[in-house]
Amino acid sequence: WANQTSSAKQVQALELPSQEEMVAVKEEYASYRAKHSLYSRELQLVEQEPSNEQLDKQLLEMERAVSMAKTTLQETEDRIAASKQDTTCGIQNPLILKKRINHMRGEWKDRKTKCRDFVDQLADGLGKPIKAVVKLLELETDEMEGVTMPPKYDIGKK
C-alpha cells in the first residue's frame with residue numbers, strides 16, 4: 001500500500017505504539033479538547049464584556065441622563081415652591097376669583113347636562129335603562145365619585 005517497497009524487517013523495525021499508549025494518547029487528546037472547549041467559552045465571555053471605551057461612552061451617556069434628570073427635578077421643585085407661595089392662581093382680587101369660579105362652575109354644569117342628555121338619548125336608542133348604559137360604558141359620574149359642584153357665589157352688581 002503506502003510503502004510497497006519496504007521489507008518486512010523495516011516494518012518490524014518501526015515501533016508501533018502499544019494498546020495502552022494508544023488509550024493514553026486518546027485520553028490526553030480528550031482532555032485537550034475539553035480544555036479547548038472551556039477556554040473557548042471563557043473567551044466568548046471575555047469578548048462579550050464591554051471594552052473600556054464602550055464603558056466610558058456608557059458612563060458619559062448615563063451622566064448626561066442623570067444631569068438632565070437633576071435639572072428637571074430642580075425645575076419641578078422650583079415650580080412647586082412657586083405654586084405654594086401663590087395659592088390664588090395669580091388672582092389677588094377676591095371678586096375676580098369668585099367670578100372665575102362661577103364661570104368654571106357654569107362650564108362644568110353645561111358639560112354635565114350635555115353628557116346626561118347624550119346618555120339619555122343613547123339609553124332610549126338601545127332600549128335600556130340609564131343605569132345599564134352607564135354600567136355598559138363604564139362611565140364614572142360625579143355622584144359615584146363623591147364630587148359635588150361648588151356653590152354659586154352671589155356677586156352683587158355694583
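Note that the coordinates shown come from a computational prediction; the quantities given were computed from them, not determined experimentally.
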Quick one: pull up NZ in K152 and CD1 in I101 and give me the separation to the nearest 0.5 Å.
13.0 Å
Show your working on side chain to side chain contact (heavy atoms under 4.5 Å, CB included) between T76 and R79 and close with a plain yes or no.
CA-CA 5 Å; T76 304; R79 284 195 308 268; 3.5 Å; yes
Can you check side chain to side chain contact (heavy atoms under 4.5 Å, CB included) on L122 and L137, steps first, answer last?
CA-CA 11 Å; L122 188 61; L137 297 177; 3.6 Å; yes
Under 3.5 Å donor-acceptor, R105 side chain and P150 backbone:
yes
Before you tell me yes or no, could you show the steps for K99 and N102 under side chain to side chain contact (heavy atoms under 4.5 Å, CB included), namely the whole-Å CA-CA distance, both residues' side-chain angles and the distance that decides it to 0.1 Å?
CA-CA 5 Å; K99 285 182 180 180; N102 281 347; 5.7 Å; no
Ignoring hydrogens and angles, state whether a donor on the side chain of S37 or R41 is under 3.5 Å from an acceptor on the partner side chain.
yes
Other residues, nucleotides and ligands only: do more than 12 of their heavy atoms fall within 6.0 Å of CD on E140?
no
Taking atom types as modelled, is there a side-chain donor on D117 or Q121 under 3.5 Å from an acceptor on the other?
no
Measure the NZ-OG distance between K26 and S31 for me, rounded to the nearest 0.5 Å.
14.5 Å
Salt bridge E143-R116, side-chain N to carboxylate O under 4.0 Å
yes
Counting only heavy atoms not in D154 (residues, nucleotides, ligands), do more than 12 fall under 6.0 Å from its CG?
no
In terms of heavy-atom contacts, L55 and P50 come closest through CD2-CG, 3.6 Å
Spatial distance of atom CG (L97) from atom CD1 (I155) [nearest 0.5 Å]
9.5 Å
Which is it for K70 and E75 under the salt bridge (charged side-chain N to carboxylate O under 4.0 Å, His left out) test, yes or no, and what are the steps along the way?
CA-CA 9 Å; K70 283 182 180 179; E75 291 171 353; over 6 Å; no
CD on Q54 to CG on L59, rounded to 0.5 Å
13.5 Å
In one Ile/Leu/Val/Met/Phe/Trp/Tyr side-chain cluster, 4.5 Å: V25, V23:
no
Quick test of your reading of the model: are E107 and K112 salt-bridged, counting only N-O distances below 4.0 Å?
no
Where the side chain of T71 meets the backbone of S67, is there a donor-acceptor pair that is under 3.5 Å apart?
yes
How long is the gap from CD on Q44 to OH on Y39, to the nearest 0.5 Å?
15.5 Å
In terms of hydrophobic clustering (I, L, V, M, F, W, Y; side-chain heavy atoms under 4.5 Å; direct or indirect links), are M104 and W108 co-clustered?
no
Under a 3.5 Å distance rule, please check whether D142 uses its side chain to pair with a backbone N or O of T148 as donor and acceptor.
no
Rounded to the nearest 0.5 Å, what separation is found between the NZ atom of K57 and the CG atom of N52?
12.5 Å
Crowded around E63 CD? As in, over 12 foreign heavy atoms under 6.0 Å?
yes
In terms of heavy-atom contacts, does CE of M68 have more than 12 from other residues, nucleotides or ligands at under 6.0 Å?
no
